[in-house]
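Numbered from 1 within each chain, the chains take letters A, B, ... in sequence-line order. Keep in mind it's a predicted model, so treat the numbers as computed, not measured.
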2 protein chains.
Amino acid sequence: MLTHSEENHLKCIYHLSNKSNGAINTNAIAKSLETKAASVTDMVQKLATKGLASYLKYKGVRLTTKGEKEALKVVRKHRLWEVFLVKELGYNWDQVHDIAEQLEHIKSSTLIDKLDTFLEYPKFDPHGDPIPDANGVIASKPTTTLNILKPGDTCTVICAKDSSSDLLLFLDKVHISLGSKLEVIDYFEFDGSYSVKVDNGSAITLSTKVAENIFIDKL
Amino acid sequence: MLTHSEENHLKCIYHLSNKSNGAINTNAIAKSLETKAASVTDMVQKLATKGLASYLKYKGVRLTTKGEKEALKVVRKHRLWEVFLVKELGYNWDQVHDIAEQLEHIKSSTLIDKLDTFLEYPKFDPHGDPIPDANGVIASKPTTTLNILKPGDTCTVICAKDSSSDLLLFLDKVHISLGSKLEVIDYFEFDGSYSVKVDNGSAITLSTKVAENIFIDKL
DNA sequence: TATTATTTTTAGCTATGTCTAAATTTATTT
DNA sequence: AAATAAATTTAGACATAGCTAAAAATAATA
Ligand SMILES: [Mn+2]
Ligand SMILES: [Mn+2]
Ligand SMILES: [Mn+2]
Ligand SMILES: [Mn+2]
């Protein structure tokens, strides 16, 4: 049986492994979990002892097949609970992360599949991230971001790159949500910002940073 | 912020205080939480330090007003999650206790009231126990049990005295659930057992112990 | 390549929560 | 009332999980 901390570390390593390839270093994990490198080292050694990670001193860590399976279970739980919080309880997508961070650790051999059934097998969470199925099979995350578009291009928003409240609050403010149709009106070399029409409404300005964090389907 | 263990102890003391009056002794708590008296002593001293309980060495513990308020919050969470598990996810009433035991510890200032709204403000949990409202106001538990009835009496089942899986599984087997109409056909002095018709069906036999654990409304 | 800087690990400390065994207090019997 | 039994607390141990500071390894730079 895994502890909350073990699960959090597995999930973190899983996510970091998807962003960059190769072994994951201690500092990156510590930063992501808001903890210290020394603490991560302890945990990573523990995971290795349990056969959930392979770890070489000073060389970083990667998940074993077994570890990835466990990580995917946590990701599945996290995302299904997020769907529940937004769709059933009426939370906004920027409010659910911290609660899901706790709910993902509830232990039960039946709960999450019953929740999945109740929610009618959603494929994506409120941030557009794919939900692993009961066997741990997960769709790959999209790769196209808004900043590849040129003036005149149109697209649909399908996912937010990270679930940080700051990004989501900003998108809410400019009325961009999953499924929004965007049309790039202009691009400004000076600061890399975009002028964009949201759902054929008025044009707004998006910074490079925002544009890099919105996954899209180009139309 | 209370830890899981603190919350479990508060809830336990609250429940025991409702069964017997006067201070609650360490052993009773240890037995109920499946832990040891020495551990309970530590915890109870901690609760006293935090102003949640009043404690006199060797004399037992009782909750302060503040402690009871916290206990009621946990009870509210536990019972609302039980309603969710049974009504929405399709669990049986004998399967939800252990999961609710975990869910009751999820920290959020908004979650439980949203869940309450979602469930349309249920007044009782799946075992017939009253659910405290958002202000901590709770209906009193019924007091009439099946064993006060005489042959010829009829009643409605409103609550099971404890939520132990053993009792609930037995009641399931004989098709007794909340709302069932029971008619006492016979009482046997020899072993204190009852012959009872369930919902005007065939007669079954209930032991004294079972009869003492079913709360009823006499008709 | 030698030196310096950065990253990572180890060592040692702290806090929580649990346990067993011994000591103490309270309750029950002779 | 004294002796014995039972309940309760204390003392000391262990496991988990976090931290800081020092040591060691690796990476970057002169
Ligand atoms: Mn978590
Ligand atoms: Mn998400
Ligand atoms: Mn609990
Ligand atoms: Mn219940």
Side-chain angles (χ1 to χ4, degrees), chain A residues 1-13 16-17 19-63 67 70-71 74 98 101-102 104-107, chain B residues 1-13 16-17 19-63 67 70-71 74 101-102 104-105 107:
Chain A
M1 190 80 93
L2 301 173
T3 66
H4 288 201
S5 185
E6 286 168 343
E7 289 186 336
N8 285 337
H9 280 79
L10 286 173
K11 186 164 63 106
C12 179
I13 298 166
L16 292 173
S17 299
K19 281 192 204 166
S20 68
N21 24 14
I24 305 305
N25 51 314
T26 317
N27 260 334
I29 299 169
K31 195 177 169 193
S32 163
L33 292 178
E34 296 180 83
T35 173
K36 296 293 147 89
S39 310
V40 171
T41 301
D42 285 348
M43 209 62 214
V44 149
Q45 289 174 336
K46 195 178 166 197
L47 294 177
T49 305
K50 288 195 171 193
L52 296 161
S54 65
Y55 167 67
L56 277 172
K57 259 189 201 178
Y58 296 100
K59 299 296 181 188
V61 63
R62 53 186 84 210
L63 296 181
E70 291 301 325
V74 183
D98 289 347
E101 201 57 50
Q102 300 173 62
E104 72 190 1
H105 304 295
I106 300 291
K107 257 77 180 171
Chain B
M1 190 80 93
L2 300 172
T3 66
H4 287 204
S5 185
E6 287 169 342
E7 289 186 337
N8 284 337
H9 281 77
L10 286 174
K11 185 163 64 108
C12 179
I13 298 166
L16 292 173
S17 298
K19 281 193 204 166
S20 67
N21 22 14
I24 306 304
N25 51 312
T26 317
N27 260 332
I29 298 169
K31 195 178 168 193
S32 163
L33 292 177
E34 297 181 80
T35 174
K36 295 296 148 86
S39 311
V40 171
T41 300
D42 284 349
M43 209 60 214
V44 149
Q45 289 174 338
K46 196 178 166 198
L47 294 177
T49 304
K50 289 196 171 192
L52 297 160
S54 64
Y55 167 65
L56 276 173
K57 259 191 199 174
Y58 297 100
K59 299 297 182 185
V61 63
R62 56 186 82 210
L63 296 181
E70 291 301 325
V74 182
E101 201 57 48
Q102 300 172 64
E104 71 190 3
H105 304 294
K107 256 76 179 173

Contacts satisfying salt bridge (charged side-chain N to carboxylate O under 4.0 Å, His left out) that involve residues 43-58 of chain A (not counting sequence neighbours) are A:E6-A:K46, A:E6-A:K50
Residues passing the side chain to side chain donor-acceptor pair (under 3.5 Å) test with B:N25, sequence neighbours excluded, are none
The bend of the helix from C:dT1-D:dA30 to C:dT30-D:dA1, taken between the axes of its five terminal pairs at each end and rounded to 10°, is 10°
### Message
Between B:S5 and C:dT18, is there a contact of a side-chain N or O with OP1 or OP2 at under 4.0 Å?
### Response
yes
Min and max contacting nt of DNA chain D in 5' to 3' order, chain A heavy atoms within under 4.0 angstrom, are D:dA17 to D:dT26
Applying side-chain contact (heavy atoms from CB on, under 4.5 Å) to B:D42 and not counting sequence neighbours gives B:Q45
Residues passing the side-chain contact (heavy atoms from CB on, under 4.5 Å) test with B:T26, sequence neighbours excluded, are B:A37, B:V40, B:T41
Sorted by number, residues from residues 51-59 of chain A placing a heavy atom under 4.0 Å from DNA chain C are A:Y55, A:K57, A:Y58
By salt bridge (Lys or Arg N to Asp or Glu O under 4.0 Å), B:K19 pairs with (sequence neighbours left out) none
side-chain contact (heavy atoms from CB on, under 4.5 Å) filter on B:Q102, not counting sequence neighbours, yields A:I106, A:K107
Sorted by chain and residue number, the side-chain contact (heavy atoms from CB on, under 4.5 Å) partners of A:S54 (sequence neighbours excluded) come out as A:R62
Would you tabulate the nitrogen or oxygen pairs shorter than 3.5 Å linking the protein to nucleotides 19-21 of chain C?
unit_1 : atom_1 : unit_2 : atom_2 : d
C:dC19 : OP2    : B:T35  : OG1    : 2.7
C:dC19 : OP2    : B:K36  : N      : 3.2
C:dC19 : OP2    : B:S39  : OG     : 2.5
C:dT20 : OP2    : B:K36  : NZ     : 3.4

Here the salt bridge (charged side-chain N to carboxylate O under 4.0 Å, His left out) pairs for residues 29-40 of chain A, sequence neighbours left out, are none
